Amino acid sequence: QVQLAESGGGLVQAGGSLRLSCSASGIFFSVTTMKWYRQAPGKQRDWVATIDILGGTNYADSVRGRFTISRDNAKNTVYLQMNSLEREDTAVYYCNLDSRGSSYWGQGTQVTVSS
């Protein structure tokens, strides 16, 4: 049974930083591409970043240069380091993976950026 658990969200002032974590279980983590998404109030869920099994990364234009996705295969954990946070980054952040035709999501962690 695949399970994802995000943590690390909170309230931060604009310009500040947070690091989100997502712990995965029930999968062969080291051979799984991992993604972060976010959903702001009243808006659709948007893709934020991807890290593949070789450590290759890709980012949405809105976060490129400010956010960094990374992974620790020994800990079955993916991270999202968020710097220079803006009010527009306020959202619930979710980690995601696809495995054998199914898509799995964590419960999300709230990030609130105040001005």
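If you're wondering where the values come from, they're calculated on a predicted model, not measured in any experiment. We're numbering straight along the sequence, starting at 1.
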Arg87 atom CZ, neighbour heavy-atom count above 12 within 6.0 Å:
no

Member of Thr50, Asn96, Asp98, Leu4 meeting the side-chain contact (heavy atoms from CB on, under 4.5 Å) criterion with Met34:
Leu4

For side chain to side chain contact (heavy atoms under 4.5 Å, CB included), just list the numbers for Thr112 and Val12, CA-CA rounded to whole Å, side-chain angles, deciding distance to a tenth of an Å, and then say yes or no.
CA-CA 6 Å; Thr112 303; Val12 63; over 6 Å; no

I'd like to know if the side chain of Thr33 reaches the main chain of Asp52, judged simply by a donor and an acceptor atom lying under 3.5 Å from each other, with no hydrogens or angles considered.
no

Closer than 3.5 angstrom, by distance alone: can the side chain of Trp105 be matched with the main-chain N or O of Gln107 as a donor-acceptor pair?
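Flag not set: sc Trp105 to bb Gln107 has no pair under 3.5 Å.
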
Where [X] and [Y] come nearest, the two heavy atoms and their spacing:
{"X": "Ala91", "Y": "Ala40", "value": "CB-N, 3.8 Å"}
{"X": "Ala49", "Y": "Tyr59", "value": "CB-CD2, 3.7 Å"}
{"X": "Thr77", "Y": "Lys75", "value": "OG1-O, 2.8 Å"}
{"X": "Ser115", "Y": "Ala14", "value": "CA-CB, 4.4 Å"}

Working to the nearest 0.5 angstrom, can you tell me the gap between [X] [atom1] and [Y] [atom2]?
{"X": "Cys95", "Y": "Ile69", "atom1": "SG", "atom2": "CD1", "result": "9.5 Å"}
{"X": "Tyr37", "Y": "Tyr94", "atom1": "OH", "atom2": "OH", "result": "13.0 Å"}
{"X": "Thr90", "Y": "Gln110", "atom1": "OG1", "atom2": "CD", "result": "7.5 Å"}

If you define the side chain from C-beta out and look only at heavy atoms, does anything of Leu80 sit under 4.5 Å from Val48?
yes

Are any of the side-chain heavy atoms of Tyr79 and Arg71 separated by less than 4.5 Å?
no

Under 3.5 Å, sequence neighbours excluded: what are the donor-acceptor pairs made by side chains of residues 17-32?
{"unit_1": "Ser17", "atom_1": "OG", "unit_2": "Asn83", "atom_2": "OD1", "d": "2.9"}
{"unit_1": "Thr32", "atom_1": "OG1", "unit_2": "Phe28", "atom_2": "O", "d": "2.9"}

Before giving the answer on side chain to side chain contact (heavy atoms under 4.5 Å, CB included), spell out for Val78 and Ser70 the whole-Å C-alpha distance, their side-chain angles and the decisive distance to 0.1 Å.
CA-CA 6 Å; Val78 61; Ser70 62; over 6 Å; no

Applying salt bridge (Lys or Arg N to Asp or Glu O under 4.0 Å), name anything that partners Glu86, two or more places apart in sequence or on another chain.
Arg66

Chi angles and distances behind the side chain to side chain contact (heavy atoms under 4.5 Å, CB included) call for Gln13, Val113:
CA-CA 5 Å; Gln13 288 189 328; Val113 183; over 6 Å; no

Are Phe67 and Trp36 close enough that their ring centers fall under 6.0 Å?
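No, too far apart.
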
Pairs where residues 25-48 contributes a residue and the test salt bridge (charged side-chain N to carboxylate O under 4.0 Å, His left out) is met, not counting sequence neighbours:
Arg38-Asp89

